[in-house]
Number of protein chains: 4
Amino acid sequence: MSVLSGVSSEKPRRSAHSHAAVLRAAADLAGRLGYANASIEQIAAEAGVGKQTIYRWWPNKAALFIEVYRGLVPADIVTDDTGSLAGDLEALLARLSHLYCDTPAGNILAGLIAEAQTAAEPADQLRRTYVAPRRAIIGSIFERAAARREIEALDDPGFASDLISGAVWFRLLLGRRQLDRRFKKRLVDAVLQGVARKPARAASALQSRGRDRKGAR
Amino acid sequence: MSVLSGVSSEKPRRSAHSHAAVLRAAADLAGRLGYANASIEQIAAEAGVGKQTIYRWWPNKAALFIEVYRGLVPADIVTDDTGSLAGDLEALLARLSHLYCDTPAGNILAGLIAEAQTAAEPADQLRRTYVAPRRAIIGSIFERAAARREIEALDDPGFASDLISGAVWFRLLLGRRQLDRRFKKRLVDAVLQGVARKPARAASALQSRGRDRKGAR
Amino acid sequence: MSVLSGVSSEKPRRSAHSHAAVLRAAADLAGRLGYANASIEQIAAEAGVGKQTIYRWWPNKAALFIEVYRGLVPADIVTDDTGSLAGDLEALLARLSHLYCDTPAGNILAGLIAEAQTAAEPADQLRRTYVAPRRAIIGSIFERAAARREIEALDDPGFASDLISGAVWFRLLLGRRQLDRRFKKRLVDAVLQGVARKPARAASALQSRGRDRKGAR
Amino acid sequence: MSVLSGVSSEKPRRSAHSHAAVLRAAADLAGRLGYANASIEQIAAEAGVGKQTIYRWWPNKAALFIEVYRGLVPADIVTDDTGSLAGDLEALLARLSHLYCDTPAGNILAGLIAEAQTAAEPADQLRRTYVAPRRAIIGSIFERAAARREIEALDDPGFASDLISGAVWFRLLLGRRQLDRRFKKRLVDAVLQGVARKPARAASALQSRGRDRKGAR
DNA sequence: TGGTAATCGAGACGGTACGTCCCGTCTTAAG
DNA sequence: CTTAAGACGGGACGTACCGTCTCGATTACCA
């Protein structure tokens, strides 16, 4: 079962058709014009829907686009087990790169984060929709690694997640809009050595990394 | 001399007073209402300035706020040498925390990044005003550490900078709006172990901090 | 039996209760907000009725309010014989004054007339509901006067009616919203001398009136 | 000097062109669709003007249309002296008939009167723009007649005016939208006999008119 | 006496218009 | 010739109603 599912039963949405059309139009326009320039007016027109229908179901633009964002994140962003922590992280980075470069998701997310600076409610929803699932995904990757005794269990998986998310985010939104091979490599390395600890008694593992335990807080 | 200064000689600004008043009003309004809700109209009114005066000197809202942002970053964000890499990073984090939590800088930056997703020119200016100076600062911190032979010189200081900036950014804009002690500690640790390498023969460096290092890659 | 009654057998109205509630709510709202500001939406809400129920029984707002108007005109607006033309006219004016000043009828009528300028169907209905009955009433007053040989029969009673109705209308809708004693006096006088002719051999009639310049009423 | 002139110097209207275009478009649309259906939105569009420009200069639709109405009333509605009261009144009726049948003035006036039932301010303005000038015109006709000793001076010229205006109004707005020859004749007769009094020693006056009881109509 | 159709309230739907805010440009008058 | 002030054409906001359209839930009539 997906981490991001099970959210659709909020209200008795009467017109499933209109609902879908609005989300589609919103994603479209955000892709073409950017979050800020995608007006409710245009979205309504493009969806062939009255403005009121939008305002009926979403309290504000942010709420609408949070649902749009949710729809853009594919279920399979939670990756299969590749057998190694590095492999899992690389697979995730590939999927994030695709999500933010080939869909309007990056643009939308930037707009949402900007809006979240001022309004409290969008901020909360954004944390629930974006931060929490992201931490869940990355957390489970580390759990898997710990389960296969590749590393010890992290005592703050949220931090690891934020480190990765922040780096990706920074690179994509302020850089060249792509995650090059080198960047991905460095990021995986930095995470492996910066936040992960080798398991205590791990003969073979000790050789491969030789990192010791005391002092790293 | 500051890394971020020396940019003011663009045009023969007739009214230095008006210029300052606009920047002050813009910072004020962004602080109170957020970047998106601070309209040129209000800024002009609050500054006691004609709208045209704003449009004369800045091509668009983003350009104005980039200058506002620049003005909010204090010269002393480039810290003195504390004698250790960890110390320097901690000092920087403290200053960033202050900048983004106690001034409208975070709010403005979020708005600018959102705008940069759509428009090319603000994106460029933003990279020049924000990304580049930030990399310069962090780069110089690592250079200092290499000079005192605490670490080897990094072969990609930009990556280290982005890793730190991204993490801070993520935490501040999507989290609790503060960098708690634990987070700062973890981030410094992760950077030290994740991107820095000990110098080949590192006798003196070991002394400079009680932290032991043997075997870190 | 009233001149304006006997119109209710159009359809098998299922819910007499709803029907009445709608008319009541409409009259109420028109009184409080004016014809134009009384929306079908509010009327439905205030009547505790679905909008469809209103649209089912009345083709448009004008039709609804024509029925409301009809309901506001009391049966006894057709006055008893006071014995003289002047007396009958004065009695009518008193009733009209009450109707237009103490009920929303004036407000509604103004709205209906405005609407009738554009739409043909409301115009027709308005003539049937308002102009025709008014002419009938005033016509019968003059007939009564002719029958008692106070005046000769008018050859255009419609004109006399319009003259009176117009004057009342003008005064009420554009003036001080009341018919003062002096106005009523002058109007009756003007009608008596302006449209009525004394009967050819009118000995008795002259007595029955004894009205001349000085001391009328 | 015209009774209805001297009103244009209210504010420093910046764009005389826009001002005229709005009035023209409003008159046009009211003529085509009626007062109620002429929306500010359409007027702005047809005039090639921003909506705000309309709201800037007129507080509401009624105020705008009062100015439109004022512009539709021709200066020469104040007629030359025809030499007799009957002639003057007939000339006025002819002009009113034209005004209300061949221009949107009637439609607009109906809308304004309806609106005046609810709002106080439009009601006042309407009295100033419509009722007062009308009374002035008709009053001066009667004054002229008194001056040439055709009748005695009226002690309530306002009543005479309202009687005429009301009759015309009623006929035009609720009838066949024209003032036929017969109606005009009857109205002039009724006014002459109903509100005007022959002068006490009226030898000359009788000559000047040659009109007496027999033969009228 | 149970079935079935019309009617009921509620209110969602695609729309139009409202009156307001702001955009970026243009005009005016004062200095 | 630059200001502050603010009008201009325009686009979007979020709201109120329009008249039509589904919904179940009564309800009243026929079977």
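Reckoned from all heavy atoms, side chains included, excluding hydrogens, waters and symmetry mates. Bear in mind the structure is a predicted one, so any value in this text is a computation, not a measurement. Per chain, numbering begins at 1; letters A, B, ... match sequence-line order.
In this model, the phosphate group of dG14(E) is approached by a side-chain N or O of Thr53(A) to a distance below 4.0 Å at OP1 or OP2. Within the structure, every side-chain polar atom (N or O) of Arg56(C) is placed at least 4.0 Å from both OP1 and OP2 of dA6(E). Taking only side-chain nitrogens and oxygens, Trp57(D) never comes nearer than 4.0 Å to OP1 or OP2 of dG6(F). The side chain of Ser18(D) places no N or O atom within less than 4.0 Å of a non-bridging phosphate oxygen (OP1 or OP2) of dA7(F).
Atoms CG (Leu64(A)) and P (dG14(F)) sit 11 Å apart, rounded to a whole Å. Separating the CD1 atom of Ile54(C) from the P atom of dC17(F) is a distance of 13 Å, rounded to the nearest angstrom. Atom pair Tyr55(A):OH and dA17(E):C1' shows a separation of 15 Å (rounding to whole Å applied). Distance His19(C) NE2 to dG9(E) P: 13 Å, rounded to the nearest Å. Put simply, NZ on Lys51(A) is 18 Å from P on dC18(F), counting in whole angstrom units.
When each of Gly50(B) and Gln52(D) is assigned the nucleotide of DNA chain F bearing its nearest heavy atom, the one mapping closer to the 5' terminus is Gly50(B). Each of Lys61(D) and Asn60(B) has a nearest nucleotide on DNA chain E; the 5'-most of these lies closest to Lys61(D).
Near DNA chain F, meaning a heavy atom under 4.0 Å away, the residues from residues 22-49 of chain D are Gly48(D), Val49(D).
By the 30° and 60° cut-offs, the orientation of the rings of His19(C) relative to Trp58(C) is parallel. Taking the six-membered ring where tryptophan is involved, the planes of Tyr130(A) and Tyr69(A) are perpendicular, since the angle between them exceeds 60° and thus also 30°.
Glu41(D) meets the side chain to side chain donor-acceptor pair (under 3.5 Å) test with Lys51(D); sequence neighbours excluded. Considering only residues two or more places apart in sequence or on other chains, Gln42(B) meets the side-chain contact (heavy atoms from CB on, under 4.5 Å) condition with Leu29(B), Leu33(B), Ser39(B).
Judged purely by atom type and a 3.5 angstrom limit, Gln117(D) uses its side chain to pair as donor or acceptor with the backbone of Leu173(C).
Salt bridge status for Asp124(C) with Arg128(C): absent, with no side-chain N to carboxylate O gap under 4.0 Å.
Counting heavy atoms from C-beta on, the side chains of Val68(C) and Val22(C) never come closer than 4.5 Å.
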